[in-house]
Amino acid sequence: MLSLQERLGQGDTILLDGATGTELQRRQIPTPLPLWSAAALINQPEAVRQIHLDYLAAGADILTANSFRTYRRTLARAGLGDRAQTLTYRAATLAIQARRDAGLRSSVLIAGSMSPLEDCYAPHLTPTRPSARLSTTRWRATSRRPGWT
């Protein structure tokens, strides 16, 4: 199996999956703020796995883990800050399980998804640079577990 870099070097077209949060909403799965798509990791993880399977059936070469809202900072607003690591891990694990269940172990890549640190892009809500760096560093450390490749 060729690596992503090799495939791109050959001029291959690489298909990324679609938006998980939007697909959850289309399937009428609740996505309340501040958790938004992360709520499904808690309440309906099987739906997240099924969305991944559906994207694979549609030909996706890269699955995006439903980690968009698993920052400790975001989860803390819902009283779930201590679950950031668990939910980020669950997001990646569901994508990995879907890849395995579809029989595509090595040919499909898993990508993480990082959200803005606030619910919008309003400049006055932007965290300080050190705060943003700490949040991002924590998330990246959580998302880089052995066995996720």
Side-chain angles (χ1 to χ4, degrees), residues 3-5 7-8 14-102 104-149:
S3 70
L4 177 62
Q5 188 172 8
R7 289 182 64 193
L8 290 171
I14 308 297
L15 185 61
L16 181 64
D17 64 356
T20 304
T22 301
E23 188 60 21
L24 288 166
Q25 289 177 326
R26 190 186 72 75
R27 296 175 190 215
Q28 299 181 346
I29 295 169
T31 55
L33 291 176
L35 296 179
W36 194 53
S37 61
L41 295 171
I42 298 166
N43 302 318
Q44 296 192 45
E46 186 55 33
V48 174
R49 191 183 71 81
Q50 186 60 53
I51 288 168
H52 292 315
L53 284 168
D54 292 345
Y55 280 132
L56 290 172
D61 296 303
I62 301 174
L63 289 178
T64 307
N66 185 31
S67 57
F68 187 74
R69 298 300 284 234
T70 61
Y71 273 111
R72 177 182 310 276
R73 177 186 184 95
T74 301
L75 295 171
R77 288 195 297 259
L80 300 171
D82 61 330
R83 295 190 63 190
Q85 184 173 6
T86 300
L87 293 175
T88 302
Y89 181 77
R90 184 174 297 162
T93 299
L94 290 167
I96 291 165
Q97 287 173 348
R99 177 179 65 182
R100 183 197 62 223
D101 293 349
L104 302 168
R105 176 160 284 209
S106 63
S107 63
V108 172
L109 298 175
I110 308 296
S113 177
M114 295 173 65
S115 69
L117 293 177
E118 295 297 334
D119 288 329
C120 68
Y121 297 94
H124 70 282
L125 293 178
T126 302
T128 65
R129 189 173 297 263
S131 177
R133 186 171 288 126
L134 177 61
S135 291
T136 301
T137 299
R138 283 180 178 160
W139 184 90
R140 286 178 57 106
T142 299
S143 67
R144 292 179 185 249
R145 285 189 175 242
W148 283 9
T149 57

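Just so it is clear, the values below take in all heavy atoms, side chains as well, and ignore hydrogens, waters and symmetry mates.
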Applying the side-chain contact (heavy atoms from CB on, under 4.5 Å) test to Leu75, which of Asp82, Leu87, Thr88 qualifies?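 That would be Leu87; it is the only one of Asp82, Leu87, Thr88 passing the side-chain contact (heavy atoms from CB on, under 4.5 Å) with Leu75.
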[X] side-chain N/O to [Y] backbone N/O, donor-acceptor pair under 3.5 Å:
X: Arg72; Y: Ala84; result: no
X: Thr74; Y: Thr70; result: no
X: Arg69; Y: Ser37; result: no

Shortest non-hydrogen contact between [X] and [Y], atoms and distance:
X: Arg99; Y: Leu109; value: NH1-CA, 4.4 Å
X: Ala60; Y: Leu16; value: CB-C, 4.5 Å
X: Leu56; Y: Ala102; value: CD1-CB, 3.8 Å
X: Ala95; Y: Ala65; value: CB-CA, 4.4 Å
X: Ala111; Y: Ile62; value: CB-CG2, 3.9 Å
X: Trp36; Y: Thr31; value: CD1-O, 3.3 Å

I'd like to check [X] versus [Y] (side-chain heavy atoms, cut-off strictly below 4.5 Å). Are they in contact?
X: Ile42; Y: Arg83; answer: yes
X: Arg73; Y: Leu134; answer: no
X: Asp61; Y: Asp17; answer: no
X: Gln25; Y: Pro30; answer: no

Step by step, work out the side-chain hydrogen bond (donor to acceptor under 3.5 Å, both in side chains) result for Thr20 and Asn66. CA-CA 7 Å; Thr20 304; Asn66 185 31; 4.9 Å; no
Flag yes if more than 12 heavy atoms outside Glu46 fall under 6.0 Å of its CD atom; otherwise flag no. yes
Set out, in order, the CA-CA distance, both residues' side-chain angles and the distance that settles side chain to side chain contact (heavy atoms under 4.5 Å, CB included) for Gln97 and Leu94, then state yes or no. CA-CA 5 Å; Gln97 287 173 348; Leu94 290 167; 3.7 Å; yes
Apply side chain to side chain contact (heavy atoms under 4.5 Å, CB included) to residues Val48 and Gln44 and explain how you reach the verdict. CA-CA 7 Å; Val48 174; Gln44 296 192 45; over 6 Å; no
Given the rule in the side chain to side chain contact (heavy atoms under 4.5 Å, CB included) test, do Leu35 and Leu80 qualify, once you have shown the distances and angles that lead to the verdict? CA-CA 9 Å; Leu35 296 179; Leu80 300 171; 3.9 Å; yes
If the threshold is 4.0 Å, N to carboxylate O, is there a salt bridge linking Asp54 and Arg49? no
What is the distance from atom CD of Gln50 to atom CG of Leu24, rounded to the nearest 0.5 Å?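 Between atom CD of Gln50 and atom CG of Leu24 there are 12.0 Å.
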